[in-house]
Amino acid sequence: MSKKFYITTPIYYVNDKPHIGHAYTTIAADVLARYHRQKGDDVFFLTGTDEHGAKVAESAQKAGLVPQEFCDQTSALFRDAFKNLNISNDYYIRTTDKRHQLTVQKFLQKVYDHGDIYEGVYEGLYCVGCEKFLTEKELVDGLCPDHKAAPQQVKEKNYFFKLKKYLPKVQELISEDIIKILPANKKNEVLGLFRQGLEDFSVSREKVTWGIPLPFDKKQNTYVWVDALQNYISAIGYGDDETAFTKWWPADVHLMAREIIKFHAIFWPALLLAAGLETPKIIYAHGFFSLDGKKMSKSLGNVIDPNELVKKFGVDATRYLLLTQFPFGQDGDIKESLFAEKYNADLANNLGNLVSRVLNMVEKYCAGQSDREVASPILLDGISQAIESLQFEQALKQVREALTSANLLIDQTKPWDLAKEPAKKKELDKLLAGLVSFLYDIATALLPFMPSTSEKIMGYLSSARIIKGEPLFKRIT
RNA sequence: CGCCGGGUAGAGCAGUGGCAGCUCGCGGGGCUCAUAAUCCCGAGGUCGGGGGUUCGAAUCCCCCCCCGGCAACCA
């Protein structure tokens, strides 16, 4: 019986265009999804877009669109970007989907009936011009930066979730790794949040018009985070398709960037407990990019569009380059100028050229005939282990090292000399068969990372008459 | 004392107790199957600073300096 594997990315807020950070998380999730499929697991891989909230409504207005149209447009940008990156998600959820909205209402009703949502008062600084609450941080000299006006202290009726009631339980689940938070330093960070103290949080907004109405008070809309988190259960049929839901839930991995870990590690499990559901197994928070030492931000104008990378390097190289910049769990700096360098060194020279030289020799010296041997468990096991612990750069490093040693082996054994002596034909055949098998293993290992390249290599090697073919990665000059 | 990262060769980064490594770049050499690719040798490091633990520290502990991020609604 095959194991089920349910993996998610965060759903991306449509207030922004897809950038390299979105691509990074989604590619990583895709690698895991493809790896598990390759292993024979039954995989459900979810990604999508988060579309409600005041900011979206505001952006829509600026764009001269009604919110739904605006969301349709931006959500499509994400969908296209992921298609470009060869992302193999099984479902693409949008929080404006009818099915999702119904789920959110069912879920909240359940929590409400359970007595864990109560009426309270939200107090904050409200800017009439923006028609929304501002945080202290957003203010400039105590004024709204857009309207140059002092915000008013305003109270509104809100519904609150009894987070505090569930904190001890959630803390226990995290401490005991029932909810496993990775990497380990992120677990410590989350446990630190418990020590600093956490308050009940508001699950609704009275003045935000673009959202899902609360089932028990239609005048209020669901707070966007509460809405968003539930994508993980609505996508697999909570309250709608019990068979599917039972099959997939709980999630095996929620993958995300580190800035949203609190919502996933604390708020989300607490809400799930209140609704009587299981908590996710692993919450993995990866690092952030900085670009040339600067924080990636729209105002600095240093945001990289993943579509541009794909145009320049191709899909597989883009996937490879993003995952090999720095260890997955940490933050790291990247320089766009180094991409081409790494592309040439690792992909064109090391991998691409090795494939070329092997294929060419088989074509020339063996009339395109070569037998393949069985896979080498040592190489593949090491790589599997690295992938399962989400050490993608480690996995790819092992591939790189293997390629280097194969290049060395060719130089040492000099097949071109063997080819000159008919007496050594057998030795030559055996050598090349070994290399062909080796490349097949490499292609197997690379399948989750670079699916098209991997298939291309396998195709070349499996052909009845092996020929040199086209270079896998052309050098960039 | 707010919390969390980071500071390792010219550049970019691995490495969490046992001779300091990888990629690029640089200098020299080899090979010719291959995408001017590949392979070998070499130069280049007080592992931010100081103190401590240890037979042994980039790695563990303490103090300090510098850089970045987070600090309740930021996807």
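Letters go in sequence order (proteins before strands), and every chain restarts at 1. Every value quoted in this text rests on a predicted model; they were computed, and no experiment measured them.
Between N158(A) atom CG and rA72(B) atom P there is a gap of 18 Å when expressed in whole angstrom units. Going from atom NE2 of H22(A) over to atom C1' of rA75(B) covers 7 Å, rounded to whole Å. The distance from atom NZ of K262(A) to atom C1' of rC4(B) is 14 Å, rounded to the nearest whole Å. In this structure, OH of Y13(A) is placed 7 Å from P of rA75(B), rounded to the nearest angstrom. Remark: P of rC24(B) and OH of Y343(A) are 16 Å apart, rounded to the nearest angstrom. As rounded to whole Å, 7 Å separates atom C1' of rC70(B) from atom CZ of R258(A). Separating the CZ atom of R475(A) from the P atom of rC24(B) is a distance of 11 Å, rounded to the nearest angstrom.
By the ring-ring contact (aromatic ring centres under 6.0 Å, His included) test, Y159(A) pairs with F216(A), sequence neighbours left out. Judged as a salt bridge (charged side-chain N to carboxylate O under 4.0 Å, His left out), and not counting sequence neighbours, D305(A) has no contacts. Applying the salt bridge (charged side-chain N to carboxylate O under 4.0 Å, His left out) test to D30(A) and every residue at least two apart in sequence or in another chain returns R34(A), R319(A). For the side-chain contact (heavy atoms from CB on, under 4.5 Å) test, no residue two or more places apart in sequence or in another chain qualifies with K312(A). With sequence neighbours excluded, no residue satisfies salt bridge (charged side-chain N to carboxylate O under 4.0 Å, His left out) with K83(A). Considering only residues two or more places apart in sequence or on other chains, E388(A) meets the salt bridge (charged side-chain N to carboxylate O under 4.0 Å, His left out) condition with K39(A). Applying the side-chain hydrogen bond (donor to acceptor under 3.5 Å, both in side chains) rule to D97(A) yields no partners; only residues at least two apart in sequence or on another chain are considered.
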For residues 263-270 of chain A, dump all side-chain donor-acceptor pairs below 3.5 Å to protein atoms at least two apart in sequence or in another chain.
from, atom 1, to, atom 2, distance (Å)
H264(A), ND1, I260(A), O, 3.0
H264(A), NE2, Y232(A), OH, 2.7
W268(A), NE1, H254(A), NE2, 3.2

Scan the side chains in residues 352-360 of chain A for donor-acceptor partners under 3.5 Å anywhere in the protein, sequence neighbours excluded, and list what turns up.
from, atom 1, to, atom 2, distance (Å)
S356(A), OG, G352(A), O, 3.3
R357(A), NH1, N407(A), OD1, 2.8
R357(A), NH2, D411(A), OD1, 2.9

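Nucleic acid contact class of L193(A) (heavy atoms, under 4.0 Å, all strands): none. Residue A348(A) is in base contact, counting any heavy-atom pair closer than 4.0 Å across all strands shown.
Side-chain atoms of E341(A) lie closest to rC24(B) of the nucleotides rG69(B), rC24(B), rC39(B). Side-chain proximity of N349(A) to the nucleotides rA75(B), rU38(B), rG69(B) is greatest for rU38(B).
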Using a cutoff of under 3.5 Å, can you pull out all pairs of nitrogen or oxygen atoms linking the protein to nucleotides 26-34 of chain B, with atom names and distances?
from, atom 1, to, atom 2, distance (Å)
rG30(B), N2, D411(A), OD2, 3.0
rC33(B), O4', Y365(A), OH, 3.2
rC33(B), O3', N360(A), ND2, 2.9
rC33(B), O3', K364(A), NZ, 3.4
rC33(B), O2', N360(A), ND2, 2.7
rC33(B), O2, R357(A), NE, 3.1
rC33(B), N3, R357(A), NE, 3.2
rC33(B), N3, R357(A), NH2, 2.6
rC33(B), N4, R357(A), NH2, 2.9
rA34(B), OP1, K364(A), NZ, 3.3
rA34(B), O3', K468(A), NZ, 3.0
rA34(B), O2', N353(A), OD1, 2.4
rA34(B), N3, N353(A), ND2, 3.1
rA34(B), N3, R357(A), NE, 3.2

Look for any protein N or O under 3.5 Å of an N or O in nucleotides 13-16 of chain B and output each such pair with its distance, or none.
from, atom 1, to, atom 2, distance (Å)
rC13(B), OP1, D333(A), O, 3.1

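Atom NZ of K157(A) has more than 12 neighbouring heavy atoms from other residues, nucleotides or ligands inside a 6.0 Å radius.
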Quiz item: What would the secondary structure line of RNA chain B be in dot-bracket form, counting Watson-Crick and G-U wobble pairs under 3.5 Å, with [ ] for pairs that cross earlier ones and | for pairs with another strand?
Solution: .(((((((.[[[[.)..(..]]]].(((((.......))))).....[[[[[..)....]]]]])))))).....
Practice problem: List the steps and the verdict of salt bridge (Lys or Arg N to Asp or Glu O under 4.0 Å) for D200(A) and K165(A). | Solution: CA-CA 9 Å; D200(A) 290 351; K165(A) 175 176 163 189; over 6 Å; no
